[in-house]
Amino acid sequence: MRSERAPLWLKAAAAAGLLFLHVPILIIFAYAFTTEDKTYQWPPPGFTLQWFGVTWNRPDVWQALGLSVRVAAISTLIALVLGTLAAAAMARARFFGREVISLLVILPIALPGIITGISLRSAFNLGGIAFSTWTIVLGHATFCIVVVYNNAVARFRRTSASLVEASMDLGANGFQTFRHVTLPNIATALLAGGMLAFALSFDEVIVTTFTAGQQQTLPIWMLEELVRPRQRPVTNVVAMVVVLVTFLPILGAYYLTRGTDTVAGQGK
Amino acid sequence: MSTPGLSAETEASRASRRGGEGLGARLSDLLWRRPALLLALLLGPPLLWLGVVYLGSLFALLAQSFFSIDEFTGQIRREFTLKTYGELLTPANLDIIRRTVQTAALVTVTAAVIAFPIAYYAARYARGRWKAVFYLGVMLPLWSSYLVKVYSWKLILAKEGILNWAFGKLGLTWALEAYLSLPGVGGNSLSTSPTGTFLVFVYVWLPFMILPIQASLERVPASMLEASGDLGARPAQTFRHVILPLAFPGVIAGSIFTFSLTLGDYIIPQIIGTSARFIGQAVYQHQGTAGNIPLAAAFAVVPIAIMGLYLWWAKRRGAFDAL
């Protein structure tokens, strides 16, 4: 007896679960257009586009956005280099201490963010390091490495070692082989990993609150609005834009790694 | 290989293919002959970064937790003492730890119950286009902004928000009010009750539970379920004796995320919930306004210890194969 159709209750439970995941995000979109600016009244008394204009003219939002993009770009770049190096080493070679190293790479994301945050804060405190863009980058790059690493190591495993040997047999040296054989093979995995790392850094708030001092990244700007709401309509618009902007790299990473056995983004 | 002629020939061919490139090619040859050197060059930079920045900081944290704060000057005294850990064990602080662990456990169980049908449907029945819908349907909420997700619940749970409105439309406001008057779970409104905190935790960490369960269910061969049916098991028995044991490592893997993330979060209980604190909030407040980094560090060691025990237990149950 082989039933390929799901029981009704299972369909209902799965659909309800997916709705539970998506409805709250959709509600934000409705709030971005509301005419109400003092409370969170539902249903919205009316709809307007004026808050998009108001948000556009807010220098503090632009400043926070600028810092977030700068931090995410630098952290992604560092993570791309370090993550790829680690993946290249771990994918092929077997050596003593290999397990320890893979644990070390995963640790920054396995332990709660607050641990990474307070650790860095203690280290800055002991070392007398002042807060700057670079203290934020130190934290972000550390947990972005694992995202690039995961994507790259999966691709390295799928790429046949004989390709590299063939390239060497045909007279290419190690650097030429890397440039013309290895890199084209892992390029989409790196792009996917880089996009996810960017999204992760762009959104990070827990570690950042410990490493930013007085600086405001976009998530920190949002956090202050959440704790002490002063500009509800502007916050609604920013929230909606952030959702739309982070969807792009996720969809991009999905299409870049589709069809491979490991798809980017599994396990943030 | 050891014939002189042959080795001379490879030497010659190597020289010829090297051509005019010089340094790059010689370096490349050196790395090919000495794989250990190549490995060291590859591993060096990432290990240096993680070792110095991450392990170094973790060590700084551990060191700080053995310092103490001087009551009179408010300065940190950099001498070894267990005094800070003594402070950690006061009833008020133990209460914070108990509340956090209890919530984390409850969130984990609830997330597993909600996640299982989604993961099961996605792994076993969804095909083609629906597979992609389920995949992105979990991935997009997973990756969308954490703060935006928390913010959306602030909107939903607000007194004038959609949930109260829906209860009103259904004529169930009395039921909500009766629930909110219960001690322990209720409060002034949903957004200031422990129930609110719990709901938001479940919502935010749910995708982290779905993915590993789905991964472990994907590996259960359909033939095994058919065999169970052929041998006379009812669907409920197959579920209890075949599917659940095979999916359990996935549940544990997911629970590592939900448990660890709840233990370390300080933003959700700060924005939605009562004034009763969680471990994360205690860490944040002690390092910030109070300036008591040693006590904050000691507090941060608690989730590390709990997670260490939990990971050790999970490893014995084979959960890491499902990650």
Side-chain angles (χ1 to χ4, degrees), chain A residues 1-2 6 10-11 13-14 17-18 21-22 24-25 27-28 31 39-42 82 85-86 88-89 93 95 104-105 108 111-115 118-123 125-126 138 142 145 171 173-175 199 203 205-206 219 222-223 226-227 239 242-243 246-247 250 254 265-268, chain B residues 17 24-25 28 31-32 39 42-43 45-46 49-50 53-54 56-58 60-61 64 114 117-118 121 125 136-137 139-149 151-156 158 160-162 165 206 211 226 229 260-261 263-264 266 271 280 283 287 293 296-297 300 303-304 307:
Chain A
M1 198 200 87
R2 191 183 149 94
L10 180 64
K11 268 189 188 163
L18 279 190
L21 281 175
H22 287 270
I25 296 175
I27 285 174
I28 292 256
Y31 272 100
T39 69
Y40 298 125
Q41 190 193 338
W42 184 274
L82 297 180
L85 285 175
F95 53 90
L104 181 60
V105 174
L111 284 180
I114 197 159
I115 309 280
I118 187 76
S119 299
L120 288 167
R121 174 84 172 75
S122 320
N125 179 269
L126 283 180
L138 272 180
T142 303
I145 292 176
N173 68 34
F175 300 103
D203 180 40
V205 64
I206 291 196
M222 269 209 78
L223 180 63
L226 276 174
V227 178
V242 166
V243 169
T246 39
F247 273 14
I250 307 314
Y254 171 70
Q266 283 170 331
K268 193 166 176 174
Chain B
R17 89 163 104 98
S28 152
L31 292 177
W32 184 255
L39 193 66
L42 286 175
L43 276 177
W49 180 284
L50 287 169
V53 175
Y54 195 66
S57 316
L58 275 182
L61 173 79
Q64 292 264 18
I114 301 179
I118 305 177
Y121 190 91
Y125 296 104
L136 287 174
M139 213 50 84
L140 289 178
L142 170 70
W143 282 92
S144 48
S145 166
Y146 162 83
L147 278 176
V148 169
K149 286 186 276 193
Y151 183 59
S152 75
W153 281 89
K154 195 174 164 110
L155 301 174
I156 292 169
E160 66 274 19
I162 189 169
W165 171 82
L206 183 59
L211 288 175
E226 285 163 22
S260 152
L261 289 166
L263 279 187
Y266 74 92
I271 289 166
V283 172
Q287 66 87 31
I293 293 187
I304 300 182
M307 282 318 293

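Numbers restart at 1 for each chain; the letters A, B, ... are given by sequence-line order, proteins then strands. Keep in mind that this is a model prediction, so the values were computed, not measured.
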When every non-hydrogen atom of E160(B) is compared with those of Y40(A), the smallest separation belongs to OE2-N, 2.7 Å
Taking all non-hydrogen atoms of both residues, which atom of V148(B) and which atom of M222(A) are closest, and how far apart?
CG2-SD, 4.0 Å
Which of A239(A), A199(A), G113(A) touches chain B most, by non-hydrogen pairs under 4.5 Å
A239(A)
With a 4.5 Å limit on heavy-atom distance, are the side chains of P46(B) and I145(A) in contact?
no
V283(B) side chain reached by I115(A) side chain, heavy atoms, under 4.5 Å:
no
May I ask you to test the V105(A)-L50(B) pair for a side-chain heavy-atom distance under 4.5 Å?
yes
Between G17(A) and I118(B), what is the shortest heavy-atom contact and its length?
CA-CD1, 3.5 Å
Atom CG of L18(A) and atom CG of L136(B): how far apart are they, to the nearest 0.5 Å?
11.0 Å
Rounded distance [0.5 Å steps], OH in Y151(B) versus OH in Y31(A):
8.5 Å
Looking only at heavy atoms, the pair that brings G280(B) and I114(A) closest together is O-CD1, 3.2 Å
Chain B contacts, top residue of A89(A), P24(A), P219(A) (heavy-atom pairs, under 4.5 Å)
P24(A)
Atom pair OH (Y146(B)) and CD1 (I206(A)), whose distance is rounded to the nearest 0.5 Å:
4.0 Å
Enter the distance from L111(A):CG to M307(B):CE here, rounded to the nearest 0.5 Å.
8.0 Å
Return the minimal non-hydrogen interatomic distance between S57(B) and L120(A), and the atom names on each side.
OG-CD2, 3.3 Å
Tell me which of these, L147(B), L58(B), I156(B), has more heavy-atom pairs under 4.5 Å with chain A than the rest.
L147(B)
Of the listed S260(B), A296(B), A300(B), the one with the largest count of heavy-atom pairs under 4.5 Å with chain A is S260(B)
Compare all side-chain heavy atoms of P141(B) with those of H22(A) and state whether any distance is below 4.5 angstrom.
yes
Please look at L155(B) and chain A and tell me whether the side chain, the backbone, both or neither of the residue comes under 4.5 angstrom of a heavy atom of that chain.
both
Is I27(A) close to S152(B) at the side-chain level, that is, under 4.5 Å between some pair of heavy atoms?
no
I'd like to check L21(A) versus L142(B) (side-chain heavy atoms, cut-off strictly below 4.5 Å). Are they in contact?
no
Between A13(A) and P117(B), the two heavy atoms sitting closest are CB-CB, 3.6 Å
Region of P45(B) in contact with chain A, defined by heavy-atom distances below 4.5 Å
both
Separation between CD1 (I118(A)) and CD (Q287(B)), nearest 0.5 Å, reads 4.5 Å
Examine whether an atom of T246(A) lies under 4.5 Å from a heavy atom of chain B, and if so say whether it belongs to the side chain, the backbone or both; otherwise answer neither.
side chain
Could you measure the distance from the CD1 atom of I271(B) to the CG atom of L223(A)? Nearest 0.5 Å is fine.
5.5 Å
As an exercise: rank S145(B), G229(B), A158(B) by heavy-atom pairs under 4.5 Å with chain A and give me the winner.
S145(B)
Using a cut-off of under 4.5 Å on heavy-atom pairs, state which of W49(B), Y121(B), Y266(B) scores highest against chain A.
W49(B)
